[in-house]
There are 2 protein chains.
Amino acid sequence: MQLRNQVEWVLHCCAILAMLPEGARLSTRALAEFHGVPKEYLSKALQSLAQVGIVEGSLGPAGGYRLARPASAISFLDIVEAVEGGGRSFACTEIRCNAPCHPPGFRPEGPCQVARIMWRADDAWRRELAAQSLSALADQLGRELPADLQSRTAGWLKKRISS
Amino acid sequence: MQLRNQVEWVLHCCAILAMLPEGARLSTRALAEFHGVPKEYLSKALQSLAQVGIVEGSLGPAGGYRLARPASAISFLDIVEAVEGGGRSFACTEIRCNAPCHPPGFRPEGPCQVARIMWRADDAWRRELAAQSLSALADQLGRELPADLQSRTAGWLKKRISS
DNA sequence: CGTAATGCGGATATTGTATATCCATTAGGA
DNA sequence: TCCTAATGGATATACAATATCCGCATTACG
Ligand code: SF4
Ligand code: SF4
């Protein structure tokens, strides 16, 4: 069970966008170069974010992405599920219905205890991620990064900001 | 992010083994027929369980698997990790080191806040599964399955029990 | 206007992993 | 001695993740 690496990419992208001045945009190209990942593929992930309203893109030169709402209103869960999908990690194929001693066409209604327990664990995972906001991440990153690195990064980003 | 379907298989297999009389064994063939899954592939999953000491197999006719310790001492997490591996769901490829404005060879020590948050969610997931024992599952299944189905199942299993 | 830069979406190639099967070996029961 | 079972290695198959490519619509800017 492994998350896509796009999850890591968009989390970092959102962190960057959250640290930008109000209303500023960054292009996919800039975000891809900054993180050293393929631009075309990162683009797909950012489109997923745009579709669920986490970021919003704009066309043309000076176009790019910015957060569609305040960073404090964006949770880790929002970002992860935008890329990874909201499905359960435990998929049930109803193998309990295959038992040769059961009547054919036997379909008990509702999930059994096995599925309930697995799904409860999923819920715990989701709750944990839902409790973490993007703004909290940006604050923390600003606090633990060395000052010189922060200013160099800020300078590099400033040159790439559009609009 | 999706768990292997082997996880569903071995959870059901363990539930069956837990409901067997003390010391009784079931062969891979019987377990595969009961669940309607390919015997050879299920065998791989059961071998994973055997390697970490959840079940123990024995050779020869009248051979098969039984639980290696009391069902109360086996957690869902034990079973899931035996098949799925104990790795983290969030894999970090250190893309923060790729920023063109960072000094080459830049490697901050320790995981950043992003990874810490994702891993905390993983821990919550694990904690939830670790809290659920196999014996509790067997009890619950015995309580919620219709009585006639239970007796028919018990009869079918009885014929397949070895030793 | 025209041009270049951008997001968008579809199509497709590439890679890797999950799934599934096969076989040789070892061991034990009858 | 023969049959059945687990074990482990090798291998085939199916499918999803990864990555690239291209045509299009939109927009800023000269
Ligand atoms: S986990 Fe529960 S719901 Fe899923 S196949 Fe097994 S018995 Fe059915
Ligand atoms: S450790 Fe943190 S900063 Fe580095 S790649 Fe992983 S998530 Fe990104």
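Every chain is numbered from 1, with letters handed out A, B, ... down the list of sequences.
Each of A:Leu3 and A:Pro61 was matched to the nucleotide of DNA chain D holding its nearest heavy atom; the match closer to the 5' end belongs to A:Leu3.
The shortest distance between the side-chain N/O atoms of A:Ser43 and the OP1/OP2 oxygens of C:dG7 is not below 4.0 Å. Taking side-chain N and O atoms only, B:Ser58 has no distance below 4.0 Å to OP1 or OP2 of D:dA6. Under 4.0 angstrom from either OP1 or OP2 of D:dG8 there lies at least one side-chain N or O belonging to B:Gln51. An OP1 or OP2 oxygen of D:dT18 is reached within less than 4.0 angstrom by a side-chain nitrogen or oxygen of A:Asn5. The shortest distance between the side-chain N/O atoms of A:Arg29 and the OP1/OP2 oxygens of C:dA5 is not below 4.0 Å. For A:Gln2 and D:dA16, the shortest distance from a side-chain N or O to OP1 or OP2 is not below 4.0 Å.
The shortest side-chain heavy-atom distance between A:Ile54 and A:Tyr65 does not fall under the 4.5 Å cut-off.
Relative ring orientation between B:Phe34 and B:Trp156 is described as tilted, the plane-to-plane angle lying within the 30° to 60° band.
A salt bridge does not link A:Arg126 to A:Glu128: none of the charged nitrogens lies less than 4.0 Å from a carboxylate oxygen.
Residue side chain A:Lys44 does not reach the base of C:dG7 through any donor-acceptor N/O pair under 3.5 Å, judged by distance alone.
The distance between atom CZ of B:Arg25 and atom P of D:dA5, rounded to the nearest whole Å, is 13 Å.
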Report task. Before giving the answer on side chain to side chain contact (heavy atoms under 4.5 Å, CB included), spell out for B:Cys13 and B:His35 the whole-Å C-alpha distance, their side-chain angles and the decisive distance to 0.1 Å. Result -> CA-CA 8 Å; B:Cys13 287; B:His35 294 118; 3.8 Å; yes
